[in-house]
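Shown next, in structure tokens, is the structure this report addresses.
Chain identifiers are assigned alphabetically (A, B, ...) following the order of the sequence lines, protein sequences preceding nucleic acid strands; residue numbering begins at 1 within each chain.
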Amino acid sequence: MIAYIAALLCMGSVYAIITLGYNLQWGYTGLFNLSVFGLAAAGGYTSVILTGATAGGRLGGYGLPFIIGLVGAAMVSGLLGGLIGMATLHLEFGFFAISTLGLGMTIQIILKNEQWLSNGVWGIGGIHKPLSGFVGNDLSNWVYGILAFLIMLLIFYLLERVVKSPWGRIQMAIKEDEKLTEMLGKKVFSYRFQSLVLGSMIIGIGGAMFAHYQGYINPMSYTDIMMCFLPLLMVVAGGSGNNKGSIVGAFVIWGAWSVSEMVAGYLPISSAKIPHIRTLVVGIVIISLLRWRPTGIIGREQAVSSTAKNKDIIAS
Amino acid sequence: MKKLSTILELVNVNKHFGGIHAVQDANIEIEKGTITGLIGPNGAGKTTIFNLITGFYPLSSGEIFFKGEKLQPGNAPHQMLRKNIYRSFQITRDLAKITVLENLLIAPVNQLGENIFNNWFNKSGVRKEEDGYKEKAMEILGFLDMEDKADEYAGNLPGGERKLLELGRMMMVEPELVLLDEPGAGVPPGMQKKVNDRVRELNEEKNITFLVVEHDMAVIMNLCDPILVLVNGTKLTEGNAEEIQNDERVIKAYLGE
């Protein structure tokens with residue numbers, strides 16, 4: 001049980017980071033970006049390549065410190081997010097969603113096929129978990145979980161500073177009415193681009209944190225279901241456009257997801273069916289939330305600006 | 001009427017949508033300090049002209065000048081406010097899920113806090129500027145009799161107050177020229193007088209020039225002078241309310257021959 005809580009702390013924090021990035025894009029700016037799994041994979045691979053001690057014929061083996069891995073992950077994912085943005089941000093809602101989904105898959109296919117870069121479908125193992133050398137295996141998940149949680153809190157703090165500001169207000173305005181925002185003298189494309197890039201950088205850090213927790217990744221570690229639609233569910237569940245909601249959503253949904261795995265062992269269903277049933281349950285949860293609680297568990301905050309008086313959280 | 005200087009000038013402006021000639025050789029001059037009305041039957045090109053002025057549509061040919069400088073072709077919608085031109089929309093647009101107060105706070109251009117880095121490295125500067133704007137916004141809400149609605153969602157306001165909110169947003173930036181698209185649409189009659197009074201006050205006190213597109217004759221006749229009549233994308237005539245009402249060509253254009 002204790003081990004489960006440590007694992008929940010690790011994965012919950014990892015997902016909270018990805019969800020925070022996604023919440024900026026979808027919750028605030030209204031960008032229905034479906035390349036999240038590709039961006040997370042890019043971040044994960046970048047960090048692993050930078051920090052790994054040995055390469056074995058592929059790119060990497062630089063043995064750089066963990067923190068450099070995270071910075072690199074943010075850079076590469078941010079760059080990819082920027083490239084994706086330049087190609088797709090002029091498109092309308094649905095076309096943007098489909099194009100980004102395709103580009104996310106492109107990243108995955110590159111990772112599958114380019115042996116020199118990612119070792120292809122064989123993946124990369126033996127990924128170093130930071131600080132685990134000092135505390136031994138029993139405690140390593142706890143230490144990593146706390147580290148991940150702290151990094152998540154730092155990202156939360158940095159994000160709160162920008163979304164509760166005129167900058168964040170413009171992002172919400174774009175989600176509401178793009179044409180009006182343009183008429184109010186704001187360069188909509190530029191703000192969307194900034195949101196996409198900053199969100200992508202955070203998603204990249206989340207992908208890297210995931211890789212260092214797992215210890216082994218291959219291109220299928222970052223599937224669209226687990227690394228795009230699950231974070232989307234977390235954003236919606238917690239409350240779009242609310243960073244606290246994203247964190248709550250990430251922990252609640254991941255908690256439910258991982259507990260369902262344990263519970264499933266006791267159910268009289270063949271184990272081959274279990275993954276499909278879980279995915280089905282996720283779908284039902286999304287539809288139920290949209291039907292009965294469209295604003296999410298917490299809802300969104302009424303006022304964006306940090307100087308605005310009324311900061312009550314509403315859920316209607 | 002004394003001769004005033006021209007603030008906005010359309011020279012031989014044309015706009016085609018495929019085979020439709022929406023605006024034909026329009027030559028229009030708007031005098032500074034007036035509340036000019038732009039009327040015409042459906043499809044006369046009124047809203048199209050707004051979209052051409054503000055750069056939402058590219059011109060097919062012709063030029064538009066603002067204060068003697070070329071405005072179109074060449075300027076995008078987001079540059080209008082920087083040039084002191086504000087435009088309202090036919091169907092009131094507001095940021096429904098943002099409070100009334102913040103609907104006003106978003107309007108000023110070039111705010112410190114619009115730059116993402118200032119929010120990390122110069123938060124105190126951002127706050128200070130924001131406090132100043134907030135004071136101004138509360139004053140404006142007082143002027144509009146909407147102080148008690150500051151923390152209300154804009155989407156919860158009735159139609160007339162939405163129009164007032166739009167005027168409020170405009171007052172935050174104090175533009176020189178305001179393009180007002182149908183100030184009467186969706187406004188209950190009692191409220192209409194209030195909207196009109198505020199427009200007139202802004203015109204007189206702040207010397208803001210208004211160009212108003214309107215369907216409701218009663219609104220335009222009592223608010224605007226001069227009135228331009230647009231038919232089939234071209235200017236038919238121009239004059240004060242009385243002249244327009246008695247002009248046979250105008251009556252024909254509206255009722256058909």
Side-chain angles (χ1 to χ4, degrees), chain A residues 24 27-30 154 157-191 193-195 197-199 201 239-242 294-295 299-312 314 316, chain B residues 54-56 76-89 92-99 101-103 105-121 123 126-134 137-138 150-155 166 169-170 172-173 175 179:
Chain A
L24 179 67
Y28 282 93
T29 317
L154 177 69
Y157 168 75
L158 291 173
L159 269 176
E160 282 288 284
R161 266 177 95 99
V162 290
V163 298
K164 290 192 173 150
S165 77
W167 188 86
R169 193 188 296 131
I170 292 171
Q171 300 294 359
M172 297 188 96
I174 290 171
K175 190 180 183 184
E176 290 271 319
D177 191 329
E178 180 189 340
K179 216 172 164 190
L180 174 64
T181 313
E182 187 90 19
M183 210 58 247
L184 288 170
K186 324 296 180 197
K187 218 171 174 178
V188 169
F189 182 87
S190 160
Y191 283 99
F193 188 77
Q194 291 173 38
S195 169
V197 170
L198 181 59
M201 290 170 79
S240 305
N242 185 333
T295 50
R300 56 179 262 192
E301 282 161 299
Q302 187 174 10
V304 193
S305 149
S306 54
T307 62
K309 222 187 305 170
N310 193 335
K311 285 161 101 180
D312 291 347
I314 50 92
S316 63
Chain B
T54 50
F56 274 104
H78 75 266
Q79 289 164 306
M80 291 302 125
L81 210 50
R82 281 161 215 270
K83 293 184 177 292
N84 282 322
I85 301 173
Y86 185 93
R87 184 224 172 140
S88 84
F89 288 90
T92 348
R93 285 171 178 253
D94 40 37
L95 309 165
K97 288 189 179 157
I98 296 178
T99 65
L101 177 64
E102 297 211 54
N103 258 278
L105 290 177
I106 196 171
V109 287
N110 293 328
Q111 297 182 43
L112 264 184
E114 288 181 1
N115 182 319
I116 189 167
F117 295 106
N118 283 338
N119 293 306
W120 283 320
F121 306 117
K123 194 72 174 175
V126 171
R127 285 221 172 95
K128 210 173 143 198
E129 194 189 55
E130 182 107 326
D131 285 340
Y133 283 133
K134 205 178 149 191
M138 290 312 290
D151 293 325
E152 185 89 40
Y153 275 144
E166 189 140 31
R169 221 164 24 214
M170 176 203 89
M172 285 297 288
V173 286
L179 308 176

Exercise. Quick check: does any side chain N or O of A/E176 sit under 3.5 Å from a backbone N or O of B/K97, one acting as donor and the other as acceptor?
Worked result: yes
For this session: Give, as side chain, backbone, both or neither, the part of B/F56 having an atom under 4.5 angstrom from any heavy atom of chain A.
Result: side chain
Exercise. Considering only heavy atoms, which portion of A/K179 lies under 4.5 Å from any heavy atom of chain B: side chain, backbone, both, or neither?
Worked result: both
For this session: Check A/A173 against B/I98 and note the closest heavy-atom contact, atom names and distance.
Result: N-CD1, 4.0 Å
Exercise. Atom CG of A/L158 and atom CG of B/N119: how far apart are they, to the nearest 0.5 Å?
Worked result: 11.5 Å
Exercise. At their closest point, which heavy atom of A/P166 faces which heavy atom of B/E130, and how far apart are they?
Worked result: CG-OE1, 3.4 Å
For this session: Identify the two heavy atoms, one from A/W167 and one from B/N115, that lie closest to each other, and give their separation to 0.1 Å.
Result: CD1-C, 4.4 Å
Exercise. Which answer fits A/E182, side chain, backbone, both or neither, if we ask what part of it has an atom under 4.5 Å from a heavy atom of chain B?
Worked result: both
Problem set entry | Atom pair CD1/CG of B/I106 and A/L184 - distance to nearest 0.5 Å | 6.0 Å
Problem set entry | Side chain to side chain, B/R169 and A/M183, heavy atoms closer than 4.5 Å | no
Problem set entry | Atom pair CD (B/E166) and CG (A/L180), whose distance is rounded to the nearest 0.5 Å | 7.0 Å
Exercise. With only heavy atoms counted, which part of B/Y133 is less than 4.5 Å from chain A, the side chain, the backbone, both or neither?
Worked result: neither
Seminar exercise, completed: Most heavy-atom pairs under 4.5 Å with chain A, out of B/L81, B/L112, B/T54, B/V173, belong to B/L81
Exercise. Are the side chain of B/W120 and the backbone N or O of A/R161 linked by a donor-acceptor pair below 3.5 Å?
Worked result: no
Exercise. Minimum heavy-atom separation for A/S165 to B/G113, with atom names?
Worked result: OG-O, 4.0 Å
Seminar exercise, completed: One should read off an interatomic distance between B/T99 OG1 and A/R169 CZ, to the nearest 0.5 angstrom, of 8.0 Å
For this session: Check A/K164 against B/K123 and note the closest heavy-atom contact, atom names and distance.
Result: O-NZ, 3.3 Å
For this session: Decide, yes or no, whether a salt bridge links B/E114 with A/K186 under the criterion of side-chain N to carboxylate O below 4.0 Å.
Result: yes
